[in-house]
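Residue numbering restarts at 1 for every chain, and letters A, B, ... go by the order of the sequence lines. What's counted below: heavy atoms across the whole structure, side chains too, no hydrogens, waters or symmetry copies.
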2 protein chains.
Amino acid sequence: MNLDRLSELRKKKNWSLQDTADRLGIAKSTYAGYESGYRRPSFEALIMLADLFGTSCDDLLGRHFDKQMELTERGSTKLTVDQRELTEKEISGAVAFIRVTRQMEEEQVL
Amino acid sequence: MNLDRLSELRKKKNWSLQDTADRLGIAKSTYAGYESGYRRPSFEALIMLADLFGTSCDDLLGRHFDKQMELTERGSTKLTVDQRELTEKEISGAVAFIRVTRQMEEEQVL
DNA sequence: TTTAAAGTACGCAATTAGCGAATTACATTT
DNA sequence: AAATGTAATTCGCTAATTGCGTACTTTAAA
């Protein structure tokens with residue numbers, strides 16, 4: 001359970017250990033400990049890390065679980081097409097489209 | 001930073017503290033500590049909890065960060081409509097539908 | 001070669017997790 | 001109502017862990 005991605009994420013930003021620690025408001029040695037696997041962050045620190053690097057705690061913890069998401073109950077996830085966020089109207093339209101598609105698919109079989 | 005959702009998730013499954021602890025392979029008092037906020041799980045335990053309850057670590061940690069997701073690059077997230085998983089064909093159909101919708105919207109304005 | 005910054009490692013003090021055991025709350029049966 | 005069994009809560013103890021400062025090593029630049 002090492003936070004293997006930290007080093008990669010930090011280097012992608014071109015930050016030193018000190019830079020990163022400063023941004024988090026913790027000691028350099030503390031942050032360095034996270035990267036090396038010598039120490040692990042508290043939950044608070046983990047969340048700060050996820051915020052700082054713009055990723056999820058699951059990602060930092062190396063947990064990539066398959067998530068299922070009902071299109072009409074997306075919670076806080078924003079969907080995009082061509083980098084443009086979908087409006088509620090577009091989503092309900094797409095859902096209707098899917099239902100019709102399925103309906104036609106079934107009728108064709110009968 | 002309490003794991004407030006645990007109690008809710010456990011009760012939804014109709015499990016006792018003992019049941020849940022057994023499933024996790026930890027002591028009842030340990031699990032009870034998580035729920036009450038008296039103790040917190042290790043990362044390993046947090047992941048076991050997320051696995052057991054079928055949710056994310058972020059969710060358990062009360063971190064609901066807005067995520068953006070391009071429809072054609074969902075990664076490991078499975079989308080559903082009426083509880084039924086979308087096929088690739090349905091997704092590309094929906095994307096096409098969205099694009100057409102937008103196109104028509106624009107033309108109408110002009 | 002000197003200097004400064006980056007990265008690594010570790011001792012110490014303080015906090016904390018995990019467990020068992022004891023206690024309290026709740027429900028069901030007699 | 002009393003008794004019984006299960007569920008939930010709390011806490012002392014021990015072992016383990018965190019976070020920091022400090023020191024050491026490595027790298028890079030002047």
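For B/Ile47 against A/Arg63, the heavy-atom pair with the smallest separation is CG2-CD, 3.9 Å.
Using a 4.0 Å cut-off, some side-chain N or O of A/Arg10 falls inside it from OP1 or OP2 of C/dG7. Remark: B/Ser42 is in phosphate contact with C/dG18, judged by side-chain N or O atoms under 4.0 Å from OP1 or OP2. Put simply, B/Ser36 has no side-chain N or O that comes within less than 4.0 Å of OP1 or OP2 on D/dT9. At the phosphate of C/dG18, neither OP1 nor OP2 sits under 4.0 Å from any side-chain N or O atom of B/Arg39.
Using a 4.0 Å cut-off between a side-chain N of Lys or Arg and a carboxylate O of Asp or Glu, B/Glu8 and B/Lys13 do not qualify as a salt bridge. Between A/Lys89 and B/Glu105 there is no salt bridge, since none of the side-chain N atoms of the basic residue sits less than 4.0 Å from a carboxylate O of the acidic one.
For B/Leu17, the side-chain atoms get nearest to D/dA8 when compared with the rest of C/dT8, D/dT10, D/dA8. Residue B/Ile26 places its side chain closer to C/dC19 than to any other of D/dT22, C/dC19, C/dA17.
One atom, CG of B/Asp22, and another, C1' of D/dT6, lie 13 Å apart when rounded to the nearest Å. Rounded to an integer number of Å, the gap from CG of B/Asn14 to P of D/dA8 is 10 Å. Per the geometry, CD belonging to B/Glu44 stands 19 Å off P belonging to C/dT16, to the nearest Å. A/Gln18 places its CD atom 12 Å from the P atom of D/dC20, with the value rounded to the nearest Å. The nearest whole Å value for the distance from the CD atom in B/Glu35 to the P atom in D/dT10 is 12 Å. For A/Leu46 and D/dT17, the CG to P distance is 18 Å, given to the nearest whole Å. With rounding to whole Å, A/Arg40 atom CZ is found 12 Å from C/dA17 atom C1'. Between the CH2 atom of A/Trp15 and the C1' atom of C/dG7 there is a distance of 18 Å, given to the nearest Å.
Side-chain polar atoms of A/Glu70 and B/Thr80 form a donor-acceptor pair below 3.5 angstrom.
Looking at heavy-atom distances under 4.0 Å, B/Tyr34 makes contact with sugar-phosphate atoms alone, never a base. Using a 4.0 Å heavy-atom distance criterion, A/Ala32 is classed as a base contact. Here A/Thr30 lies in heavy-atom contact (under 4.0 Å) with a base. Contacts of A/Ser16 with the nucleic acid, taken as non-hydrogen atoms under 4.0 Å apart, involve only primed sugar atoms and P, OP1 or OP2.
Where B/Lys28 and B/Tyr38 each meet DNA chain C at their nearest nucleotide, the meeting point lying more 5' is that of B/Tyr38.
Judged by distance alone, with hydrogens and angles left aside, the side-chain atoms of A/Asp59 form no donor-acceptor pair with the main-chain N or O of A/His64 at under 3.5 Å.
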